[in-house]
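Data block below; observations after.
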Amino acid sequence: MVMKNKTIDPKISNIADELDALDAEVRVIRRSQRMMALWNEKPDESFPEIFHDAAELEAAYRFFNNPSIDFPKLIDAHASQTTERCKRHEGDVLCIHDTSTFVFSGERKGLGYINKNNRGFLGHFSFCVSRTVEDEAPLPLGVVAAYLWVRQQLRATKGVSQKELRQSKDCESLRWMDGVAKVEEKLRGVKSLIHVMDREGDIYDAFSTMVAQKQRFVIRALSNRTLVTEDTEYTRLFDAIDGLPAIYRESINVSARNGAAPPDQKKLHPPRSARIAEVCATACPVTIKRTRHSAKDFPATTPVNLVHVFEPNPPEKQSPVEWLLMTNEPIETPEDIRKVVAIYRQRWLIEEFFKAIKTGCAFEKRQLTTYHSLSIALAMTVPLAWEILLLRAQSRAKVSLPAKDFMSPLRIQLLRAAMKKRKRTILPEDPSLQEVCFGIASLGGHLKRNGPPGWKTLKHGYSYLLAMEEGWRMARTCDQS
Ligand SMILES: [Mn+2]
């Protein structure tokens, strides 16, 4: 029996459950679950490797091309499981929204523009993670809403004005508002829900609606908006924070960023190396004026709290850390402000999620020839990528939780036997989750002295454990027949 933990959901064993709620014929649900279980063992291998025999492989291709299945149906199934996890979670639930592009080479049917040289499609995801005040390491809970689309024209085409873009049906900023609305509807009853967005999410229509409807958020500011102020010293957002006293200091880890950003984004995302940055934060409330692009049904003014995080003494030749965050969370005390910063810092998890889809599950290498089949493969990849992140997060959790709450006794027993065979550290009688995760990683080739395991070694070790379990079950059924 698997016990339910109070704050952390144990679902690392049966990935196929993610499709329990799929709206399809029983036969199709069974197939999808069989595929998910096989795929989970080798997430980044080719389809012939994953679906190991001709009949399985053919059934998989039939599934990818089945017109009665689509991306929304598959995502809804996983989203309903995510919703349950969010509702069971007792701390804050952060919902991180972001868009990613998926690029494919060769001839495929139904793809659109990514940029001048690349074809593919875009996906906007609302990805939930847990956050407890004491434990800074969040656990991924899964995707609650996702939307795919194909760009029919190049975005920065000459002759298409910003205004035309905004008014066209193709208006991509609407996705951010739609995402929030969908998540709010699905997670009704989750009181501690907080939306997190990067600069792309700095859209007046979106955050003014969230303020009006008391939906909590932390969004990084992009535009130097006009303020309503009695002070004649400043009328713009970026000036409001000038010269405010630093309220607190802390050191944060800044991850490396390579110079691979597309040319149009180089200025927003300059390359940098990994380092520890000493940052300060200041905060103040402001009132933002509606932009002239917004329709009159949005509030004429919107109060938000600003939190400015900056690095007063950046190392030479490094671009300093600087985030201007807009929020409707309180900013009264240093602790309040620290919390806003901590919330925004969890945003990187969605980038890790995209990485898990693209690298961990090799999604862009999939040799499917139509947009429809690729979108189905993506929907199947989403739970796999989520589980990769979950495994890693559990191996890094600071709190020591008993592994038996998360894993069947059989799996722990098999792991112990495999570790003993390979002369790894002996797994204790009642191991903690972290000990088990390190054990799994050691099967995947990880050495403990190298620090916490990455998701690749964890996933390899985990696939190995699943294969052992399958072998053990097969041997038993042979015995009985
Ligand atoms: Mn983004």
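Atoms within a ligand are numbered from 1 in the order they appear, just like the ligands themselves.
Here the N, O or S atom of D98 that is nearest to the Mn ion (ligand 1) is OD1. Among the heteroatoms counted here (N, O or S) of E200, OE1 is the one nearest to the Mn ion (ligand 1). Atom OD2 is the N/O/S atom of D198 found closest to the Mn ion (ligand 1).
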key: Working for salt bridge (Lys or Arg N to Asp or Glu O under 4.0 Å), residues R347 and D98   = CA-CA 9 Å; R347 207 203 66 84; D98 204 7; 3.2 Å; yes
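The closest side-chain donor-acceptor pair between D20 and Q33 falls under 3.5 angstrom.
Between H446 and F438, the angle of the ring planes lies from 30° to 60°, which puts this pair in the tilted group.
Considering only heavy atoms from C-beta on, N115 stays 4.5 Å or farther from R151 through its side chain.
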